[in-house]
Structures are given as C-alpha cells and as structure tokens.
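Contents: one structure, followed by commentary.
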Amino acid sequence: MSEAIVVLNAGSSSIKFSLFVAEGDELRLELRGQIEGLFTAPHFVAKSPEGKVKAEKSWGEGVKLGHEGALEHLVATLRGELAGSELAGVGHRVVHGGMQYTQPVRVDRAVVDALGKFVPLAPLHQPHNLAPIRLLLERQPELPQVACFDTSFHRTNPEVAQRFALPERLYREGVLRYGFHGLSYEYIASVLARYDARAAAGRTVVLHLGNGASMCAMQAGRGVASTMGFTAVDGLPMGTRCGALDPGVVLYLMDQHRMDARAIEKLIYQESGLLGVSGISSDMRTLLASGEPRARLAVDLYLYRIRRELGSLAASLGGLDAIVFTAGIGENSAAIRERVLADAAWLGVELDPAANAKGGPRISASSSRVSAWAIPTNEELMIARHTRRVLGLRAEATL
Ligand code: ADP
C-alpha cells in the first residue's frame, strides 16, 4: 500500500488542500482544491492535477461551516479518495516559526502551544494556520502532523540582516526581521541546480511575485537577505499591502487621523499596494490591461520598488549570478519580467525576448552574464516532502 500525504494551508476564510501519493522517492499530486467562504457561503471543490473537477459541494448563503466543519468534510472526502493508499500524515503551512523553529517539526500539544505564542507576530494568519492542527490533534490524535514554516528559510540570514537598529531588549523579545515565503524560496533552491548549476552554487535573487510579494537573496541555496521583515507587510508593494513604509507615517496617522492599530492594519494590509495606488484593482492582469493613468502609476511604482530592492539584494550578495521569477505574476507575466530585466541591465542581465514571451524557463540571452529564469514554485510539494521526511517515511538524503 502506498503512502498518501495531505497538505493543508488554512486561512481566515478558506482551507486549501493537496493530496500527494508516494511513488518511490517522488510524490505525485493526486488531487487539489479548497473550501472557501467558511463563514459566508461555503464552497468545496477538488480537482485533478489537470484541473478536472472531481468533487464539488456548496452549502448555501449564510452557512457558517467554520474550520471544524470544513475539516470534517475534507477528511471524509480525502479518505474516500484514498483507495489503495494509506494516509500517512498531514503537513501544514504555518506562517510563523519564530526564532525557535528553523526546520519543520512534528506537532504535539506542546508544539502547538509554543506556536500559539507567535500569534501576536502574525495575528491575521497564525491562528487560522493552527486551527486545523488543534482540531486534528483532538479528533484524530493518531494521525501524524507536521508544521512547516514560512520563516525558517531565512534563519540562515546573518545577524545584521535580521536585526532592526532598535534597543537590544526588543530583539530579545522577538522584534526582528523574520522574512516570509520561505517554503517557496526553499522549493526554488531545491530545483535550481536542474536549471543552472552556477546559479545554484552562486548568488541568486528570487522574486516571488504573487498577491503577496517578496524577494530573497540566496548564496549557494541558503537565504542571506529578504525584503520582508517583522511582518509580511514589509518590502515590495503587493496586491493590497503597502510594503516598506516610513514608521513616521504610522505616527502621523495616529496623531492626525486618530487611527488606532486596527484601523492602520486595515489600511496597510487591505487598502494599499496596487489597489490603493490605482484605485482600480489589486489584480496585476487588470492593471496591465487598463489604459488609466492611475493603473500605469501603480505598475510603475511596483517596478520601481523591485528595481531598488534588486540593487539592495545584489549588494547584500556582493554581486549577482542569476535572477529567478516565480508565483502568479512572476511565472505568468512576460511584460513584468521584461521590464524588471530592462531595469536590471546594469547588473549584467540581457533578456531573450522570444524565450520570455514563451514563458522560459530560461529567459536570458545566451550572452547574458547574469542568467534569468521563470520557474513555477510549488510550496505544497515542499511541505509534502518535509512531512514525509520528518515522519521518517523517506531517507533524508534523497530529499
Ligand atoms: P497568491 O499570493 O494568492 O498565491 P498568486 O501567486 O496566484 O497569488 O498570484 C496572483 C497574482 O498573479 C495576481 O495579481 C494575478 O493578477 C497575477 N497573475 C496571474 N496570471 C497573470 C498574468 N498572465 N499576467 C499578469 N499577472 C498575472
């Protein structure tokens, strides 16, 4: 009987899932999908890797299924799909592992309590990430669970990259630059050698450009710097998040607009970024297709900030061998990649327009000193691999 691993990514209003089945040393995706609208109008869909709908259910307006009801439905559906394989474990995406969790970990009650201490560091994500872990520990204590963290990859950053220039006591309390999107960066680091051995052994900047967006500098596959900081609102402007912001602006909003923490949180997480600047949409496709000057400004600002961060990250590495684009915008938008690379010409990168239009993977010209790539990320597979390894289902050396 082959092993199956379920990967869960639970948010405030949805749970995304993937089901992998072991095939020798590899893991094959069998099914993926989500339950969304957990507290409004729940809808479940499961699809084959090719996108064919395999199961679907709606609960109707106003039904409050919650994480508990959603999980029950998911587990029942997935067990039904498991003919011929055995559910060996569940891997969870957990946004925050603090300073303590530099690697994925098998969860028990003590671990989940320790992870609960990071809720104040990521109040919009951490409680929802932990909800299904707690529920499964209660309901199915025999089912092994593993937590994989978005922060772990960045723990190899040198201390100067992790510290704010604040008094020492705040650092000791955990106020530092954690960095996020680590599972995506780790996946890219794990496959880079297949594409470019020099980049895998050398200095690479990866651009994870999705609804959330960040950039990460890697030296020989290990993280050395990231644009995200204490929270996932720092760094680049995103769909609705502002990115790096002078803290003086926050003080001004408190003093002059009488805004409290919750009101400022809403402004900088949900009303800013591409949406805030354009006043039109948080969706890059919509902005690129729009003729409105405000849409153009939002895209220009996004690119300007990428250009500056790229210089900063290249400086942190002392030079550059490769640039990798990934996530929704990075994988799909030839126009954004072209403009980022035109801005980066001074670093020694030269675009191959035809390869870029085709979607890569290599998008730099053969004469380019710095290579450039578009590589699909796969955070779910990364979590499934970790889960299998942590549970001792597979030799670590073959990861
Ligand atoms: P998330 O961070 O939620 O996982 P994704 O990685 O799926 O998000 O990225 C979503 C973003 O990718 C959206 O802004 C969407 O407009 C953008 N995107 C997807 N396809 C394209 C495309 N062909 N051109 C430009 N942007 C795209």
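The first residue in the sequence is number 1, and the count goes up from there. Any value given below was found using the heavy atoms of this structure, including those in side chains, with hydrogens, waters and symmetry copies removed. Indexing begins at 1, ligand by ligand and atom by atom, following the structure's order.
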message = Determine whether F180 and H154 satisfy the following criterion, ring pair (Phe, Tyr, Trp, His ring centres under 6.0 Å), listing intermediate values before the conclusion.
response = CA-CA 8 Å; F180 298 89; H154 306 288; 7.6 Å; no
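A side-chain donor-acceptor contact under 3.5 Å links R337 to the backbone of N356. In this structure a side-chain-to-backbone donor-acceptor pair under 3.5 Å is missing from E380 to V7.
For the side chain to side chain donor-acceptor pair (under 3.5 Å) criterion with R177, the lone passing option out of N157, D234, T227 is D234.
Between G210 and ligand 1, no N or O atom pair is found at a separation short of 3.5 Å. At least one N/O-N/O distance between N211 and ligand 1 falls below 3.5 Å. Considering backbone and side-chain N/O of A327, none are found under 3.5 Å from N/O of ligand 1.
Taking atom 27 (C) of ligand 1 as the reference point, the nearest protein heavy-atom neighbour is R285 CG, 3.7 Å. What sits closest to atom 14 (O) of ligand 1 on the protein, heavy atoms only, is M284 N, 3.3 Å. Closest to atom 7 (O) of ligand 1, if we only count protein heavy atoms, is G328 CA, 4.1 Å. Nearest to atom 16 (O) of ligand 1 among the protein's heavy atoms is D283 OD1, 2.3 Å. The protein atom (non-hydrogen) at minimum distance from atom 25 (C) of ligand 1 is S333 CB, 3.5 Å. Ranking the protein heavy atoms by distance from atom 17 (C) of ligand 1 puts I329 CG1, 3.4 Å first.
Using bins of under 30°, 30° to 60° and over 60° for the plane-to-plane angle, the ring pair Y178/H96 lands in the perpendicular bin.
Residue-ligand proximity: G239 is placed with every non-hydrogen atom at 4.0 Å or more from ligand 1.
Applying the 4.0 Å criterion to heavy atoms of G212 picks out, from ligand 1, the atoms 2 (O).
Residues V299 and L310 share a hydrophobic cluster, clusters being chains of Ile/Leu/Val/Met/Phe/Trp/Tyr side chains in contact below 4.5 Å. In this structure, L71 is a member of the same hydrophobic cluster as F44, with clusters built from ILVMFWY side-chain heavy atoms closer than 4.5 Å.
No salt bridge links R305 with E309; every basic N to acidic carboxylate O contact stays at or beyond 4.0 Å.
There is no protein heavy atom less than 4.0 angstrom from atom 4 (O) of ligand 1.
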